[in-house]
Each structure stands twice: as C-alpha cells, then as structure tokens.
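In what follows, a structure is listed as structure tokens, so that the remarks can point back to it.
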Amino acid sequence: MCLAIPAKIISIDDNIAEVEIAGVTRKVSLDLAPEAKLDDYVLVHAGFAIQVIDEEEALKTLELFKEILEHEVS
Amino acid sequence: MKFLKEYRDSKLAGEILEKIKKVSKKPAKLMEVCGTHTVSIFRHGIRDILPHNITLISGPGCPVCVTPNKHIDEAIELCRRPGVILTTFGDMMKVPGSESSLSAEKALGADIRIVYSTLDAVDIAVNNPEKEVVFFGIGFETTSPTIAAAVLRAEREGLTNFSVLGAQKLIPQAIRALLDNNETGINGFILPGHVSALIGIKPYEFIAREFSIPAVIIGFEPVDILQGILMLVKQIEEGTARVEIQYSRGVPQEGNPHAMKVLFKVFEPSDAVWRGIGTIPGTGLKLRKRYRKYDAVKKFGIEIRESREHPGCRCGEVLRGVITPLECGLYGKACLPEHPIGPCMVSVEGTCAAYYKYGKRS
Ligand code: SF4
C-alpha cells in the first residue's frame, strides 16, 4: 500500500501538476510537496506527490556502487 | 523509465549479490517491515538467491493486514446506513470483518466506491450534496498525509457531508513494540522507503541506540534491496549498529516536513490496536478537536461492541514475524486467495498472499 512511483512533472496549474508516468499523463496534487517544480521527478502515491526525487542522490547511489564493485574486481 | 530502469539492472544486482556472499558470514535475520518490500522481494526472487545464513522475515507493514476487525465492522455498519456512500481504497474490499466484508455488502446493494486518491472521495462529496460521503482510511505515514489533505480540502470547500473513518497507523513505535516483545531475534531492519520519505531518519534512531540493531531505509527495486541488504550485513559483520539511508534519492534525512505538518495539523497521535500485536501507545491517529466534525464514528454514533476473528487464522503471529504462513494450518487449504480467511491472504501485500502467489507451498 505504500507504493509510490517516480513521475516527471510536465505542467503545473496552481497546486495540481500533470505528471508523466511511463508515457501516460495524470494529474496529481502538490498539496504535500509544494516545492516541486516543472521537470522535477516526484514520487507519486495515491494521487499526491509525496517527495521530490533528488537526482544528484540518485546518480550518487549508482556511481558509488559501480565504483565499489570496480574497485573490488581490480 | 528514469529512476526505475537503472535499479533493475540484473548485472549490477548480480555483482552486489556476489559482494553480499563475500561479506556475510554471521547468521543474519533481517525483517522487512513494509509489505511493499515483501512483494518486491518475492517478485524478484531475492529470498532464494541470498546465502543461507541470511533469512528475511516479513513484519507488520501491510496496513490492510494490521487493521483489526473492529474498524472493518465499523465500515460495514456505516455502509448500511441509508444515504451513505462509503469510499475506500480497493485493498479493503475483500477483508473479512466479524460477519461480512465490504465486497459482500456492495453485492447486497450498499453504495461503496473504490477511490484511487482521497481527493476523489472529496469530489464524490462535492457531487453528491444530498448524500453523506465517508472515507474509510487506512495506511501509514505515506498515506495519512493524503487523508489530512482531504480533510483540509473539505474544510476549505465548506463541505458538511464528508467524514473520515480513520484507522491509520504510525510505524516507528510499532517496531519498538516488536523489539520489546523480543520474539524473533532480529539482527537488522529493512526500513520502509516510502514511510521514510515522509518521516525521515530520526524517528528510527532508537533502534540502533537502544537496541543495538542496524537498520537501513531501503528503496523498492531489486538493486536497492540488495544494496540495502549489503549495508546491513556489513554492519552486522562489523558489530556496529547505525540507521542508514540506502534510498537517498527518495528519502532526505528530514523526510518531508511540510507533509508531516499537514498530517499533524489535522491529526494527533493516539493509541492504536494492531491486529496480532494489540494496543501500541502513540501509534494511531485521531482527528484533532478542531476537525472532530469529520469523524465518521462520532457523526454517525457507531459503536461496535464485540468483534470476532477467525479462530484458526494466525495472521497475528505472521505479522509479528513469529511464524511463516506455512505454519498456519489453514494456509493453502481453507485459506486461499479466492476465499481468504485472514487479511494476510487478502491483501496483495499480505505475507500469506505473497507466499502463495510466488509458489511457496511447503
Ligand atoms: S494463511 Fe490465511 S488463515 Fe492462515 S494466517 Fe494467513 S491469512 Fe490467516
């Protein structure tokens, strides 16, 4: 039940954002994440954006692991 | 799709698994608190590929499963009242209460509508001014702010025909209750990613500080889960206990303070009864005085004297991680996804349903 999926904000009208999830657009409320901006990725849960995805952190997680693994191999 | 594909990379997953195998020597019993993790772990076959010294056990993190029958009986009582439209998330429909379920009531003619969002329930109230619209709300910190936002919208719009039957719960102190009971010998916690996206890391710090058990907030894709397990086994091998965040792209240290403010503007903590665990102080939510007019139980004077559970169902022990579904005598026999006896078989995120769907039969 605590499923939330990443979606990209493609337009914002007041506190409602239009987001794209796997090619499908739907409207979500920004009542819980008013700081979300156009082109941000947000986590969508039950019709609400509940968090803005931190792109830098996302990249860091992947890079960090690739690095550790490469280091291991060598 | 961005932010999903990379975390499903099977090569990367395979390499992390190798690393886990290399690092992990000690027995490690890890509990995934969240039902969404349970499903993801089964879907990706993670239990089967881990080395034998690592055991994953499922915990109390399926909101449908931990909702005691009393609340289901209240919802049933409400949907039988004339002029009431009961709205809820789809997961609750088939859960058996003491004598009936919402799907059975719907078949008998009750006006029950499944909504995707709490705001859909508010829309139904706006569009049906002559009816009373009740939202039956369950969920953890991920969902509860959306229920609070719906109440605030109802207030903004001056609606008098909208109310909430609330059965929401708060996660961190439920973990404390499990640890206080000390029934399972857990060595590490896989903490829920999306509850944490709201509450952040702080509320879990007692797990490491007071119980010396490592805990990691983990995402839901296979690479996330394996990476998080690696972080846990590293701590276990080192003999350290910290709370860490693997799912940093979705979980800032502080969570989502704005959403938590919305939540606690409308609700305040209260005691809550968890199926199979009992009353845990401070893990429920009740409407604050100012918003009490949206309390459906008060509004309609609902009083459930006695709720009954199926005597053979061992959901309680399953939810505490004390037994696996295989140890329940009804599992796969009298209790099947087509005719579930307990909520752990009804909910897609229930441990019994996950075991059954992914073929664990003995
Ligand atoms: S198998 Fe069915 S009866 Fe047994 S614990 Fe699970 S839900 Fe309850």
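Below, each value reflects all heavy atoms present in this structure, side chains not excepted, and no hydrogens, waters or symmetry copies.
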Is it the side chain or the backbone of [X] that comes within 4.5 Å of chain B heavy atoms, both, or neither?
X	result
A/Glu35	neither
A/Val28	neither
A/Ile53	both

Looking at B/Ala197, is its backbone amide N or carbonyl O close enough to the side chain of A/Gln51 to form a donor-acceptor pair, meaning the two atoms are under 3.5 Å apart?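 A pair under 3.5 Å: yes.
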
Test item: B/Asn256 side-chain N/O and A/Leu32 main-chain N/O as donor-acceptor pair under 3.5 Å: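 Judged by distance alone, yes, a pair lies under 3.5 Å.
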
Residue among B/Cys62, B/Pro63, B/Gly61 with most heavy-atom pairs under 4.5 Å to chain A: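 Max contact count across the listed options: B/Pro63.
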
Please classify the contact between B/Leu263 and chain A as side chain, backbone, both or neither, with a heavy-atom cut-off of under 4.5 Å.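 Answer is neither: B/Leu263 stays 4.5 Å or more from chain A.
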
Portion of B/Gln246 that has a non-hydrogen atom of chain A nearer than 4.5 angstrom: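 Contact with chain A involves both backbone and side-chain atoms of B/Gln246.
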
Any chance you could measure B/His194, atom NE2, to A/Ile5, atom CD1, to the nearest 0.5 Å?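 That separation rounds to 9.5 Å.
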
As an exercise, state the distance from CG of A/Leu3 to OG1 of B/Thr142, rounded to the nearest 0.5 Å.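 It is 10.0 Å, given to the nearest 0.5 Å.
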
May I ask you to test the B/Thr143-A/His45 pair for a side-chain heavy-atom distance under 4.5 Å?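 Sidechains of A/His45 and B/Thr143: in contact.
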
Close side-chain approach of B/Leu119 to A/Ser29, heavy-atom, < 4.5 Å: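 Yes, at least one pair of side-chain atoms sits under 4.5 Å.
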
Do the numbers put B/Arg249 on top of the ring of A/Tyr41, so that NZ or CZ is under 6.0 Å from the six-membered ring centre and no more than 45° off the axis?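 Pair B/Arg249/A/Tyr41 does not count as cation-pi.
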
